[in-house]
Every structure is written in C-alpha cells, then in structure tokens.
Amino acid sequence: MSVRIVITPHFSELYGVRESALPAPLSGESVREYIVRAGLGKEEDILPVVGGRAKSFDYRFEENDEVTIYPMAASG
Amino acid sequence: MMSYWQKILCIDLREGRISVLEPDISLFADYIGGSGVGARLLFDMTGPETDPLGPDNPLIWMTGPFTATRIPTSGRHEIVSKSPLTGIYGEGDAGGRFGIALKKSGFDGIVVTGQSKTPVNILLIDGEASIEPAHDLWGKDAFYVDGYMKERFGKNCETSCIGPAGEKLVPISCIVHDGENARMVGRCGLGAVMGSKRLKCLAVVGGKTPEISDADGLMQLQKKIVPQMVEKMKGMNLLGTAGGAAAAEKMGDMPIQNWRRGDWPQAEKISGQQMAETILKKNYYCGSCPIGCGRDVEINEGKWAGVKGAGPEYETLGMLGGSCMVEDLEAITYAADLCNRYGIDTIETGSAIAMTMECYEKGLLSSADLDGIEAEWGSADAMVALTRKICEAEGIGRLLGRGVAAMTTILKDADEMAIHVKGLALPAHDPRCFNTMAVGYATSNRGACHLAGASYFYEKTAVMPEYGYDKPRPRYTTGGEAELNVRAQNLMGILDSLKICKFAIYGGISYATISEWYGLVTGIEKSVDEIAEAGERIFNVKRMYNVRHGVTRTDDMLPERILKNPRNDTGTGNYTPDFEPMLDAYYKCRGWDQNGIPKPETLDRLGLGDLKKFLPQ
C-alpha cells in the first residue's frame with residue numbers, strides 16, 4: 001500500500017524532472033509538503049491530478065493514490 | 001482553393017437590401033479568412049471619417065478555411081468593425097458553435113451595413129437570408145434570445161446577438177453567442193455597433209459542409225495530433241482558464257488592487273480548483289474542440305443564487321476578483337452572469353470598477369456620486385452593484401460603461417488609475433511578470449490585448465520550434481522581446497484568420513502543423529514562411545488602418561503604473577519593463593520607422609503597396 005507519483009512526459013520535458021529520481025509521496029502528506037520535499041519545482045508550474053481530478057496544494061494523499069503531475073499553463 | 005465558398009453575404013439595413021459579394025480568390029489567398037479578410041474589408045470600407053456608431057461602419061462576421069472542417073478547436077469566428085470604444089481597429093473572436101453554423105450556411109461571412117429604423121433580426125436559414133422585425137426581442141437578455149431562436153428553428157440554430165447593453169449603445173458591450181454558454185466577442189464594444197444598427201440577433205441554421213482537399217489525409221493527421229493535444233491540455237480540461245488563477249497570483253501575473261499590489265493569496269479562493277470543488281457542473285466544449293475548457297456552473301442557493309451557465313474565465317476572475325480584491329467566487333460568478341446576459345465585457349467592467357474603488361479610496365468619488373454604493377476594496381456587494389449599474393446603463397454605470405479611458409474625461413486627477421492602451425483596458429496579465437507582454441500590449445492593434453500576441457504563452461509552457469523557440473523563454477530574459485512578439489503576433493493573426501483556438505498552442509500546435517493542415521484543407525501548399533508572411537501582412541493592414549487614424553509611437557505606450565511602479569511581491573520582486581529599447585527593437589523588427597509607421601518597402605514586400613498612399617506625408 002503506497003502512494004504513486006507519475007510525471008507526464010510534457011512536465012518532464014519542460015522542467016527536467018525524472019520520475020525515477022523522485023521519492024514516493026507519503027500517505028497523509030500534503031501536495032504542498034511533497035513538492036518541497038521532492039524538490040519538484042514551483043507550485044505555479046504544477047498541476048497535481050488524483051483520480052482524474054485536479055487537486056489543491058492542501059490535498060493530503062491517501063493510500064493507493066496515483067498522483068499525476070502535469071505542467072500548469074498560463075491562463076488565457 | 002477548397003474549403004472557401006468565396007461568397008460573403010451583404011445586408012444593408014438602410015434599405016433592407018440583401019446581396020452576395022463574390023470576392024476574387026486573391027482576397028482569401030492573401031488574407032486567409034476570419035480576421036485577415038475582415039481587416040482588409042474594413043480597411044477598404046471605412047476611414048477616419050467613419051462614425052463607429054453610424055450607418056457606414058460595417059459589422060463583419062467572418063469564418064475561416066478551417067471552420068467546419070473538424071480541425072480541432074476550429075469552431076470559431078471573428079467579428080470586425082471600427083471600435084466605438086477606441087475609435088480605431090476593432091475585432092473580437094469567439095468559440096462556440098455559431099461560426100460552424102455560419103460556414104455551413106454557404107457563406108464565408110456576412111457584412112452588415114446601414115441602420116434599421118426599427119429593431120430587426122437577420123435570419124439565415126439553410127442559406128436563405130431574410131430580415132424580420134425584432135420588437136418582441138428588443139430589451140430581452142442574450143440567453144432569452146438564443147432560447148427563443150432555438151425554439152423557433154431547432155437546436156441547430158445558432159445565434160449572434162446583443163443584450164440590453166448593446167441596445168443602449170454601451171461602449172463596452174459585447175456580442176453574445178451560444179446562449180447561457182456565453183461565448184463572447186467581448187472586446188472593443190462591438191455590441192454597441194450592432195445596437196446602433198438596431199440589429200438584435202443574427203440567427204443561423206446551416207447544413208452545407210464545405211469540401212476539403214484531402215479528407216483522408218486530414219483524418220490521419222488528426223488521429224496523431226488530437227491525443228497529444230488532449231494530454232498536453234489536461235489542465236484546461238480539468239480546470240478551464242480559471243485553473244491558472246492561483247498560479248498567476250503566485251507569479252505576479254494577476255492584477256491586484258487596480259495593478260497597485262502584488263501578493264494576494266486569496267486568489268486560491270477564486271481559482272479553478274475552488275470552482276471545480278463547488279459550483280462546477282460540467283465542462284463546455286466549443287464545436288470541434290476535444291479540450292472542453294468551458295465551465296458550466298450553477299449557483300442554486302445563497303445570496304448569489306440563480307446562476308446557471310458559463311462560469312467565469314481567468315480574465316473575469318482577475319479583473320472582477322483580483323483587481324477589485326473580491327475573494328467571493330460566487331459573487332464574481334454572479335457578476336459575470338449579469339455581464340453575459342446583458343452583453344458586457346468583463347475585462348472592461350472589472351477595470352472600471354477597480355478604478356472606481358481607487359477613486360473612492362482617494363476621495364475622488366463618494367458614495368453619493370456612486371448612487372449610494374460604498375465602493376470599498378474587496379466588497380462583493382459593491383462590485384456586483386456597480387456591475388449591474390454598468391449593465392443597465394443606469395446612474396454611475398453610464399460613466400463606467402464608457403471604459404476607463406473615457407472615465408478620465410470626467411474624473412480629473414484619475415489618469416494614473418486608468419489602466420489601458422489606446423482606450424482598451426489591460427486584461428489580467430501583468431507585463432511586470434511576463435516582460436514580453438510590455439511591447440505586446442503596446443503594439444496590439446486593438447489596444448491592450450493579451451491574445452494579439454500571447455507572448456506570455458511562450459514564457460510558460462509553449463514552444464515555437466520553427467523559429468528557434470525550442471523551449472519556453474525563461475521569464476525576465478533580457479533581449480529578444482521584439483522578435484518573439486513579432487513571431488507570435490503574426491502567428492496569432494493567422495490563427496484568428498484560419499479560425500482556430502489560440503489555446504491549441506498549448507497542445508503543441510505551431511506553424512508547421514498549421515502549414516500542413518492548410519494544405520490538406522485548401523489544396524494549396526503554403527510553407528511555414530509563407531504562412532508567417534500572411535500573418536505579417538494581416539498585422540500590417542491592421543496597423544495601417546490605425547496609422548490612417550493617426551496612431552503613432554505616442555499611442556504605443558503602457559500606463560505609467562506598469563512602467564514605473566514595481567509590484568514588490570514574491571513573484572516579480574521590483575521588476576519593471578525597460579520599455580523604450582524594447583519598442584525600438586520591435587519597430588526595427590517590423591520594418592517600421594521609429595515613429596511606428598510601416599516603411600514603404602515593408603508594405604511593398606507584403607504586397608500592400610496600394611496602402612502606401614495612406615502613409616503620413
């Protein structure tokens with residue numbers, strides 16, 4: 001039982017982040033806390049998605065979550 | 001050239017005359033369609049003497065060669081006219097379904113001139129045009145009008161109409177499409193042009209599909225491209241444009257307190273994430289769009305109950321929210337809904353209200369001046385009440401509805417608070433955050449427009465590999481702002497002419513894909529450079545329109561607040577754009593002189609030699 005992180009190819013291409021180099025998120029940890037711990041980048045560049053839904057940075061991971069990280073584009 | 005009908009419907013409301021213009025194919029070859037063809041028609045039909053609200057100002061609806069072809073995000077159309085808000089070139093683009101219906105009616109566009117003595121609708125049903133009285137619709141809101149026409153002509157009937165604000169010639173009024181889904185031609189006050197013609201609604205049902213050159217080839221390309229677009233634009237799908245609100249505040253992009261402040265963490269309360277967790281019901285998809293960035297929201301209880309339809313876009317949140325410091329998402333949604341129903345530009349509305357709040361703070365306006373409204377920063381009640389005043393053109397709303405530049409003619413000592421370029425309010429992107437936007441806003445042909453160049457896309461996640469932008473440009477890179485703007489403005493002009501959504505750029509679309517699509521659709525090969533040159537031609541014809549109206553370097557300016565007052569926030573620190581060198585470089589890159597006038601050789605190179613006679617002597 002764990003939380004899994006997935007980095008999309010587009011995010012990886014833009015910010016040079018490799019999925020294999022990241023620590024796994026912890027159950028109960030917030031997205032904001034994880035971003036800092038993993039050195040994932042700036043919040044303004046990150047769109048975290050769990051179960052097909054965008055999550056706020058205050059969201060706390062739950063067991064079996066798969067967190068996918070997309071880049072956050074500038075708004076139109 | 002396939003995909004064009006080569007027919008433009010012309011309707012003169014003075015005499016109720018309906019005719020068909022069949023332009024030479026060179027008009028479409030040179031100016032592509034949409035914005036480009038509209039701009040050239042406007043140039044040829046009007047001049048400095050044309051009153052924007054007079055009978056001689058045409059209102060031009062145009063589709064492009066991609067409209068109704070199933071190219072992703074191509075459900076769009078353009079409306080072009082001389083702007084009553086700015087007095088110069090005016091245009092607006094909208095998604096939704098109207099553009100597809102218009103193209104399927106068998107025309108590339110419609111030009112309406114003259115003024116009817118009484119309110120009318122234009123019906124274009126299966127290719128047959130007619131004019132009918134609109135007394136029963138005059139005074140009704142835009143959602144009602146769309147529903148009424150759909151009830152009469154079926155669900156495939158699409159409308160382009162005005163609300164009560166356009167009827168009252170409010171200079172910041174819009175043209176509304178798709179009823180409660182509210183796809184707006186929002187800027188430049190084109191709703192007032194439609195109102196001046198006493199044209200309430202253009203209702204279209206179309207069933208003809210334009211023939212394209214290589215349907216199989218296009219399908220094969222779509223199979224490859226659409227999944228990539230969907231993957232790259234996941235954020236737009238999940239959160240819409242509102243998804244970037246919190247990020248914009250963190251970066252220092254969102255205007256706060258009429259562009260005076262930075263750091264406003266309350267932005268998270270009005271973000272796309274907040275919307276998704278509260279009032280969002282489902283996505284809205286424009287025609288031919290696989291992304292679905294539109295928000296369909298409902299508010300059924302509480303103080304702001306009664307909203308059902310389009311949710312606020314980022315620009316609305318930035319202007320009615322951040323710039324007014326209102327952190328109540330439901331109140332902003334309610335105000336946006338009023339604007340959608342009445343047909344009012346939310347960017348201009350937010351800018352006018354933020355300026356009013358600053359005037360109130362500084363004692364230039366009292367609650368007595370504001371019809372009893374206490375315009376405190378952050379007051380949702382005041383923001384909604386002022387929005388309603390603007391929509392109804394009532395009391396103080398008559399002044400605010402003229403836009404921030406005109407407000408300074410009454411409000412002495414308020415010049416520094418009116419944040420605009422050429423009379424068009426800045427949308428919610430700060431050049432102190434994305435420095436390429438400085439010269440982009442200054443040189444946009446319709447005034448301060450974030451989408452005329454959208455160079456900030458390329459400072460975040462977008463790329464343009466055909467011209468060496470393999471990776472996004474890091475913010476605050478010094479140098480190269482001019483070149484990027486020219487490339488991006490030319491590209492945006494092309495997208496506005498083909499009629500394809502600019503957000504497709506986030507999906508990886510750039511010059512090369514467009515060149516390929518263009519060949520498959522029209523059967524005419526245009527290289528990347530030829531496409532870019534067409535974009536340059538389109539940009540220059542609009543510039544020449546403005547030059548003819550006296551626009552020069554002195555008009556290509558940013559508000560002093562943007563140039564001299566740093567935000568001093570986490571996202572931007574103390575940065576302000578070093579503007580003049582950027583503008584010098586831009587003019588050089590464009591082939592314009594240092595006063596911002598296209599050089600004769602530039603016009604010759606672009607095949608615009610016939611416009612040289614309009615150069616200042």
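Please read these numbers as outputs of a predicted model, since none were measured by experiment. Per chain, numbering begins at 1; letters A, B, ... match sequence-line order.
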List the atom of B:L238, the atom of A:A54, and the distance in Å for their closest heavy-atom pair.
CD1-N, 4.1 Å

Considering only heavy atoms, which portion of A:F11 lies under 4.5 Å from any heavy atom of chain B: side chain, backbone, both, or neither?
neither

Ranking B:G244, B:P427, B:A428, B:G508 by heavy-atom pairs under 4.5 Å to chain A gives rank one to B:G244

Enumerate the inter-chain donor-acceptor pairs under 3.5 Å for chain B and chain A, one line per pair.
unit_1 : atom_1 : unit_2 : atom_2 : d
B:T241 : O      : A:S75  : OG     : 2.7
B:G244 : N      : A:S75  : OG     : 3.2
B:K250 : NZ     : A:E43  : OE1    : 3.3
B:E268 : OE2    : A:R32  : NH2    : 3.2
B:H429 : NE2    : A:S75  : O      : 3.4
B:Y456 : OH     : A:S75  : O      : 2.8
B:K460 : NZ     : A:E44  : O      : 2.9
B:K460 : NZ     : A:D45  : OD1    : 2.9
B:K460 : NZ     : A:M72  : O      : 2.8
B:Y506 : OH     : A:A74  : N      : 3.4
B:Y506 : OH     : A:A74  : O      : 2.7

Can you tell me which portion of B:A245 sits under 4.5 Å from chain A's heavy atoms? Options are side chain, backbone, both or neither.
backbone

Would you mind checking which part of B:A276 comes under 4.5 Å of any heavy atom in chain A, side chain (CB onward), backbone (N, CA, C, O), both or neither?
backbone

